[in-house]
Amino acid sequence: GGGEAEAPEAPEAEGPSEIQGKIILATTTSTKDSGLLDYILPEFTYQTGWEVDVISVGSGEAMAMGEAGEADVLLVHSPKDEAAFVEKGHADADGRFDVMYNDFVIVGPADDPAGVKAAAASDAIAAFTAIMEKEATFISRGDNSGTHKKELSIWEKAGLQPAGEWYVEAAAGMGDVITMADEKMGYTIADRATWLAVGGNTQLQIVSEKNPSGILNNQYGVICVNPEKNELINADGAKAFQNWILSAETQELIGTFGTEEFGAPLFTPNAAK
Amino acid sequence: MDVISAGIAQAFRLILSGDQEIVGIIGLSLFVSFSSVILSTCLGMPVGILLGTHSFRGKGVVLRIIYTFMSLPPVIAGLTVFLILMRRGPLGYLQLNYTPTAMIIAQICLVTPIIIGLIYNLVREKAPVVNRLGITLGAGRLEIMFLMIREMRIGLTAAVVSGFGRAISEVGAVMIVGGNIKGKTRVMTTYITELKSMGDYSRAIAIGIVLLIIAFVINAILYNFQEREGK
Amino acid sequence: MDVISAGIAQAFRLILSGDQEIVGIIGLSLFVSFSSVILSTCLGMPVGILLGTHSFRGKGVVLRIIYTFMSLPPVIAGLTVFLILMRRGPLGYLQLNYTPTAMIIAQICLVTPIIIGLIYNLVREKAPVVNRLGITLGAGRLEIMFLMIREMRIGLTAAVVSGFGRAISEVGAVMIVGGNIKGKTRVMTTYITELKSMGDYSRAIAIGIVLLIIAFVINAILYNFQEREGK
Amino acid sequence: MELEIRKLVRDYGTKRVLDLESVTIEKGTRTAIIGPNGAGKSTLLNIVSRIDVATEGEVVYESEDPRLVTQVFQQPYMLRTSVERNIQYPLRLRNWPEEGMKKRSNELMEDLGLLDLRHQKAWKLSGGETQKVALARALSFQPSLLLLDEPTANIDPATTAEIEEMLLKINREEGTTILFVTHNLAQARRVCNRLLFLDKGKLVESGDCQEILQNPKEEKTRRFIAGELLI
Amino acid sequence: MELEIRKLVRDYGTKRVLDLESVTIEKGTRTAIIGPNGAGKSTLLNIVSRIDVATEGEVVYESEDPRLVTQVFQQPYMLRTSVERNIQYPLRLRNWPEEGMKKRSNELMEDLGLLDLRHQKAWKLSGGETQKVALARALSFQPSLLLLDEPTANIDPATTAEIEEMLLKINREEGTTILFVTHNLAQARRVCNRLLFLDKGKLVESGDCQEILQNPKEEKTRRFIAGELLI
Ligand SMILES: Nc1ncnc2c1ncn2[C@@H]1O[C@H](COP(=O)(O)OP(=O)(O)OP(=O)(O)O)[C@@H](O)[C@H]1O
Ligand SMILES: Nc1ncnc2c1ncn2[C@@H]1O[C@H](COP(=O)(O)OP(=O)(O)OP(=O)(O)O)[C@@H](O)[C@H]1O
Ligand SMILES: [Mg+2]
Ligand SMILES: [Mg+2]
């Protein structure tokens with residue numbers, strides 16, 4: 001993405017702006033289900049007067065919506081596809097910006113039959129290799145979501161091609177897949193936000209996390225959709241959103257989200273300054 | 001099971017709490033489902049009655065198609081309406097996607113065939129008798145239609161109730177065209193789905209129970225009306 | 001609109017290609033829906049007929065509850081069955097979650113009330129006449145039940161077809177208890193949802209059209225059967 | 001001339017149930033239609049009252065207004081409302097004022113001994129009561145042509161006498177043309193001045209009622225009339 | 001004794017439609033039940049044939065077997081199949097062999113002039129034809145008690161004579177007890193040897209048929225019989 005970082009126009013702190021219209025934000029389920037957007041968006045509307053219709057879908061669909069010009073701005077986590085998206089000219093002139101990241105965790109049954117926790121507590125590639133060697137049940141998202149793409153990239157880096165009875169391709173939502181892993185006493189990879197929300201109800205545990213190489217990082221980016229796609233795209237609102245979410249104040253706000261409930265922030269802001 | 005009983009307890013707490021957000025969600029559910037059922041009834045009832053009373057070439061095919069559309073998956077109904085209403089779509093200039101109006105349109109696509117099919121099936125046997133009575137007493141076409149409705153009101157009510165059940169419990173279509181936007185297009189079923197995907201099963205079940213209680217109250221009202229009229 | 005026409009074209013290509021995976025998905029859809037409809041019919045038809053022919057204290061309440069369950073959201077049906085069948089649930093030892101059996105059970109919960117409600121409504125008016133004929137000709141209870149079924153076969157078929165439409169088009173329940181596992185529990189509707197979430201609209205519509213074509217063929221078969229029998 | 005029947009044919013599938021040569025019914029006449037079961041008498045009435053259509057031929061009416069023709073069926077259908085409202089229904093269609101309707105229906109109920117039943121549910125009456133209500137309903141709006149299909153078959157002797165009296169009276173006072181299907185030859189003799197004898201869909205004989213009953217020209221008619229002497 | 005009616009009362013809501021003192025019907029008798037419309041004649045038959053239940057009192061039968069009692073209704077219901085199969089249905093219930101059924105139904109169709117109609121759809125017959133089929137169906141299994149509700153009301157004179165003949169014959173040859181509702185006093189005189197006169201639900205007079213018709217003891221009966229003289 002381009003490294004441009006305009007200072008966002010700080011609104012006068014006197015009162016709410018007049019509502020001037022709405023933008024459509026297509027995003028992944030994790031940003032919405034984690035509660036992040038509910039936490040930060042009122043501030044955006046208050047400051048700029050743009051209302052936001054949040055459509056939470058898979059990353060794949062979010063980008064399809066962008067491509068079709070159905071959304072004005074995207075907040076997604078599938079960097080490779082995002083690059084391709086920009087390349088093909090679906091983004092506006094400014095392209096894509098990093099916003100924040102959280103991380104993926106590999107979770108598995110309490111008794112950890114593949115011994116991942118002992119062998120590879122912070123090595124995702126070793127963890128996957130151990131699971132495949134033991135043919136321990138592994139549930140894959142199997143739906144081209146950002147999480148699924150991340151999983152596939154780890155298999156690829158490990159030089160493995162998972163297949164067989166133990167490798168369950170369940171194309172369902174993240175929460176469903178965590179539940180399924182619990183039911184089937186298998187492993188899976190999940191984004192931390194969803195894991196924190198759903199994992200408490202299960203008997204699963206984190207078996208591998210915080211890979212030093214950053215392979216388990218879950219990077220979110222923001223993209224304004226190319227306004228030439230159709231005349232209904234709200235380019236002003238989209239740009240205002242992009243500027244706002246990249247602004248120092250918002251980044252700070254993102255950095256505080258989740259501390260109350262989980263004791264630690266769910267997302268780490270990392271907008272390119 | 002604890003989850004289910006917790007859900008039941010929570011359902012009652014929710015109802016008693018009168019939480020503004022929940023009230024809004026329930027209100028929108030009712031608004032969307034009632035609107036779509038009323039419009040579907042206006043469309044489907046005359047069509048069902050006409051099919052039940054008239055013969056014409058190709059009627060068999062029409063019926064088969066209607067029965068087929070009783071199997072229309074909500075996701076497909078939603079997707080089709082979405083594609084038609086989308087910005088680049090033929091009706092994009094109306095900017096209806098992600099509004100309750102779009103949700104109503106999508107539900108009409110689902111509910112109308114059900115209402116037509118059920119009414120046709122109900123009317124078919126009794127209609128000829130009512131029809132010939134109407135004719136010999138000097139009723140016009142429209143008057144005969146009203147007579148049919150009055151004579152078969154119990155069965156017709158049940159058909160409409162089935163349509164309502166379908167509309168209020170359906171999630172696939174309203175999720176796609178509505179987008180489950182908080183405070184705007186979030187209805188009970190999309191909220192249930194969201195809660196479920198967040199792993200909050202007991203709250204999901206609580207909302208489900210609230211939905212059933214509402215359906216029960218509505219059915220009870222219609223049923224009482226039937227009781228008084230029928231028998 | 002391009003997406004829709006692309007979907008239509010793709011639907012025919014899919015059907016003609018005979019792709020093994022698609023064939024498996026269609027087969028499982030049919031297996032699950034037929035099984036649940038057959039079992040629901042076995043449960044629901046006698047209950048519907050008995051409700052239509054007998055009076056007893058509390059019948060009004062029973063009917064209201066059945067009508068209410070016609071509005072049961074699939075997600076709730078799925079979730080409840082899931083919680084009962086889950087590993088830590090009361091029937092967890094059966095290990096049925098994520099199997100077609102669980103999908104059938106969840107669909108039975110959805111379809112049975114629909115079949116009971118529709119049949120009750122259908123039987124109510126005509127049943128007394130058939131009933132008294134049966135009694136005076138010396139038919140026993142069971143024989144009267146069969147007589148009802150034979151006399152009202154057209155309407156009953158339509159009720160069952162409605163139930164089938166509900167089962168085959170439903171996604172919420174089978175998604176939760178089945179999990180949409182490739183090669184195991186993936187059916188047409190869960191596949192459609194998956195395709196949609198991947199943004200592959202035209203393929204989603206193609207599968208939707210395949211589903212409708214199948215429903216059309218099944219309806220046409222039943223309808224032809226009706227045609228021969230009725231009139 | 002009230003109406004002219006022009007070479008009427010009616011086929012059901014391959015079965016020809018009516019195949020009449022032309023006949024004219026004069027205004028103000030009282031015509032009996034007699035013949036064995038299945039001769040086509042009801043079919044003829046149905047075509048005249050426009051609820052059935054001829055396969056070939058046509059009926060030409062003096063008046064253009066179809067609302068002046070009415071028919072009382074062999075098995076009358078009662079609207080799902082009170083006796084009184086059944087009788088008033090044709091008047092309501094004609095926008096009579098509430099007052100006038102009340103007066104007219106009271107008159108008719110008085111004549112037919114229905115006053116006690118006025119608030120009863122009409123569809124739960126006994127066989128004879130039903131037929132009386134159907135008659136009152138047909139007479140309410142003073143039709144110019146009255147078609148009756150065995151109107152006193154289920155009515156007790158005293159009431160039968162009253163009804164015959166009534167028919168003669170409206171014919172005399174209002175000039176109502178009457179077409180009257182009956183199996184009771186004595187009744188035909190008492191009430192009618194014209195007669196059509198049908199057998200197997202054909203018009204065997206027509207003419208003056210008394211004359212034919214005394215001196216039938218055709219062998220078939222002779223045998224039919226002789227049949228009555230057996231009983 | 002074929003059956004004993006013990007102080008029978010039947011209320012519909014607040015309306016008492018039957019309030020009989022005790023009566024015995026002897027085996028092999030032919031009893032006419034006469035009375036004005038709404039007297040409770042059909043209600044009485046319905047209770048005797050067990051399709052209605054008395055509010056108070058009971059009917060005691062000589063035979064325990066309910067399959068020996070049958071009834072022909074005022075408005076008979078035809079099964080949705082052919083004439084022949086309608087007639088054979090009670091035999092099928094009794095597991096008669098195919099051969100025997102064919103023979104028996106042929107016999108009856110011959111007697112009632114139904115042979116031409118054997119393959120017709122029974123529910124599309126004319127009024128009189130319907131009644132003949134219903135009679136044949138009831139007679140098929142040689143019941144010991146036959147309840148008839150105005151069985152010849154819609155039947156032509158020659159066939160009426162044949163049916164009366166037939167009833168006398170089965171009574172004579174098989175000792176069948178006959179309970180016979182009719183408005184035709186001449187018919188009662190021809191067919192019956194006992195008579196019950198009902199009015200407003202009460203038993204006004206009972207005894208020998210010919211005697212009562214010639215010399216009624218009660219004023220009400222006298223007036224009713226005089227009514228026939230008017231026609
Ligand atoms: N819808 C129909 N389909 C087939 N056949 C029919 C239909 N309606 C009537 N018929 C036949 O047409 C013939 C004439 O019927 P119609 O009812 O006119 O007789 P009808 O003279 O009124 O006899 P009845 O005195 O018994 O009432 C009968 O043989 C009957 O079976
Ligand atoms: N289900 C019912 N609900 C209310 N009233 C009824 C019901 N059935 C019959 N009645 C009333 O009971 C009375 C007796 O009816 P029933 O049918 O026994 O008369 P009936 O003697 O057979 O008369 P008809 O000669 O006219 O056939 C009638 O006044 C009728 O209106
Ligand atoms: Mg007739
Ligand atoms: Mg009666």
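In the text below, chain A, chain B and the rest are named by the order of the sequence lines, each starting its count at 1.
- Summarising the geometry of C:Val160 relative to C:Ile115, their closest heavy-atom pair is CA-CD1, 4.5 Å, with the distance given to 0.1 Å.
- Residue contact with chain B, scored on non-hydrogen atoms closer than 4.5 Å, involves the side chain of C:Leu79 exclusively.
- Between chain C and the options B:Leu122, B:Val61, B:Leu63, the largest number of non-hydrogen pairs under 4.5 Å is found for B:Leu63.
- For C:Ile176, the part lying near chain B is the side chain, with the backbone staying farther off; criterion is any non-hydrogen pair under 4.5 Å.
- Contact of B:Leu72 with chain C is made through backbone and side chain together, with heavy-atom distances under 4.5 Å.
- For C:Lys196 (side chain) and C:Ile205 (main-chain N/O), no donor-acceptor pair under 3.5 Å exists by modelled atom type.
- For the pair C:Asn219 (side chain) and C:Ala215 (backbone), a donor-acceptor distance under 3.5 Å is present.
- Heavy atoms closer than 4.5 Å to chain B are found nowhere in C:Ile209, neither backbone nor side chain.
- Looking at C:Lys59, its side chain does come within 3.5 Å of a backbone N or O of C:Leu51 through a donor-acceptor pair.
- Within the 3.5 Å criterion, the main-chain N or O of C:Asn180 finds no donor-acceptor partner in the side chain of C:Thr190.
- Only the side chain of B:Leu211 comes within less than 4.5 Å of a heavy atom in chain C; its backbone stays farther off.
- No side-chain donor-acceptor contact under 3.5 Å links B:Arg203 to the backbone of B:Asp200.
- At least one donor-acceptor pair closer than 3.5 Å links the side chain of C:Ser36 to the backbone N or O of C:Ser33.
- Without hydrogens or angle criteria, B:Ser197 side chain to B:Glu194 main chain gives a donor-acceptor distance under 3.5 Å.
- Residues of residues 162-172 of chain C lying within less than 4.5 angstrom of chain B, judged on heavy atoms, are C:Ser162, C:Gly165, C:Arg166, C:Ile168, C:Ser169, C:Val171 in numerical order.
- If you measure heavy-atom distances from C:Leu212 to chain B, the contacts under 4.5 Å come from both the backbone and the side chain.
- When all heavy atoms of B:Ala159 and B:Ile119 are compared, the closest pair comes out as CB-CG1, 3.9 Å.
- Contact annotation for B:Ile65: both backbone and side-chain heavy atoms come within less than 4.5 Å of a heavy atom of chain C.
- The nearest pair of heavy atoms linking C:Val81 to C:Cys109 is CG2-SG, 3.9 Å.
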